Amino acid sequence: MIKYALKCSKGHQFESWFKDSAAFESLSKAKQISCAICGATKVEKTIMAPAVSGVKKSNAADDAPLSQPSSPAEAALKEMRDHLRKNSDYVGTEFAAEARRIHDGESDQRSIWGEATKEDAKSLKDDGIPVAPLPWMSRQDD
């Protein structure tokens with residue numbers, strides 16, 4: 001397998017993998033390679049630094065523990081999750097019922113989070129009860 005840096009006739013740059021250089025040439029001649037951005041079929045290879053096997057790149061992100069965020073986006077999600085867990089109550093699968101109780105004044109006003117089916121979440125929204133999905137799946141994301 002070989003990876004090429006490519007550029008379409010409209011100037012978009014992208015990368016793609018091919019079986020070998022002959023496969024690229026054959027597919028290119030048949031106009032079966034298209035730009036990943038605009039779909040143009042006039043695509044050519046661009047200059048690309050070769051990957052040298054056996055040479056380990058030294059990168060601080062490579063040395064960081066897997067439990068640490070590896071990007072600014074992951075760090076922001078972790079910060080949001082930590083803030084939510086510190087400042088709200090986890091109510092598990094009782095989320096929809098507890099959200100209704102809070103909305104109806106039957107439970108103390110507070111921030112909560114938990115699990116709800118799509119149907120329950122839609123029903124809450126339809127009834128004017130504010131809910132939003134969280135960008136992680138479960139409490140096991142600790």
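Worth saying up front: this structure is predicted, and the values here are computed from it rather than measured. Count residues from 1 along the sequence.
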Trainee: Find the distance between CD (E79) and NE2 (H83) and round it off to the nearest 0.5 Å.
Mentor: 9.0 Å

Trainee: Aromatic rings Y4 and F18: how do their planes relate, parallel, tilted or perpendicular, breaks at 30° and 60°?
Mentor: tilted

Trainee: Can you find a pair of side-chain heavy atoms, one from L84 and one from W113, that are under 4.5 Å apart?
Mentor: yes

Trainee: Under a 3.5 Å distance rule, please check whether D127 uses its side chain to pair with a backbone N or O of I129 as donor and acceptor.
Mentor: no

Trainee: Check the pair S123 / R100 against side chain to side chain contact (heavy atoms under 4.5 Å, CB included), numbers first and verdict last.
Mentor: CA-CA 10 Å; S123 177; R100 281 192 190 287; 2.7 Å; yes

Trainee: Is it true that K45 and E25 make a salt bridge, defined as a side-chain N closer than 4.0 Å to a carboxylate O?
Mentor: yes

Trainee: Just wondering, do S28 and I33 contact through their side chains at under 4.5 Å, heavy atoms?
Mentor: yes

Trainee: Can you confirm whether V43 sits close enough to F14 that some side-chain heavy atom of one is under 4.5 Å from a side-chain heavy atom of the other?
Mentor: yes

Trainee: Which atoms form the tightest heavy-atom contact between A5 and I47, and what is the distance?
Mentor: CB-O, 4.4 Å

Trainee: So E15 and L6, do their side chains get closer than 4.5 Å, heavy atoms only?
Mentor: no

Trainee: Over all heavy atoms of both residues, which pair between A40 and S9 is shortest? Give the atoms and the distance, please.
Mentor: CB-OG, 4.0 Å

Trainee: Out of R85, K86, K78, which residue meets the salt bridge (charged side-chain N to carboxylate O under 4.0 Å, His left out) rule with D82?
Mentor: K78

Trainee: For the residue pair G128 and H103, what are the closest heavy atoms and their distance?
Mentor: O-CE1, 4.0 Å

Trainee: Do W17 and K3 have side chains that approach each other closer than 4.5 Å (heavy atoms only, starting at C-beta)?
Mentor: yes

Trainee: At their closest point, which heavy atom of Q13 faces which heavy atom of I37, and how far apart are they?
Mentor: O-CD1, 4.0 Å

Trainee: Can you confirm whether more than 12 heavy atoms, excluding those of D108, are under 6.0 Å from its CG atom?
Mentor: no

Trainee: Using a 6.0 Å cut-off, check whether atom NZ of K10 has over 12 heavy atoms from anything other than its own residue.
Mentor: no

Trainee: Write down the atom of Y90, the atom of E115, and the distance for their closest heavy-atom approach.
Mentor: OH-OE1, 2.9 Å

Trainee: Using side-chain heavy atoms (C-beta onward) and a distance below 4.5 Å, is V91 in contact with R110?
Mentor: yes

Trainee: Calculate, to the nearest 0.5 Å, the distance between atoms OG and CG belonging to S111 and D89 respectively.
Mentor: 8.5 Å

Trainee: To the nearest 0.5 angstrom, please state how far the OG atom of S16 sits from the CD1 atom of I2.
Mentor: 11.5 Å

Trainee: Does E44 pair with K7 as a salt bridge, N-O distance under 4.0 Å?
Mentor: no

Trainee: Do the non-hydrogen side-chain atoms of E98 and S107 ever get within less than 4.5 Å of each other?
Mentor: yes

Trainee: At what distance, to the nearest 0.5 angstrom, does CG of L124 lie from CD of E119?
Mentor: 11.5 Å

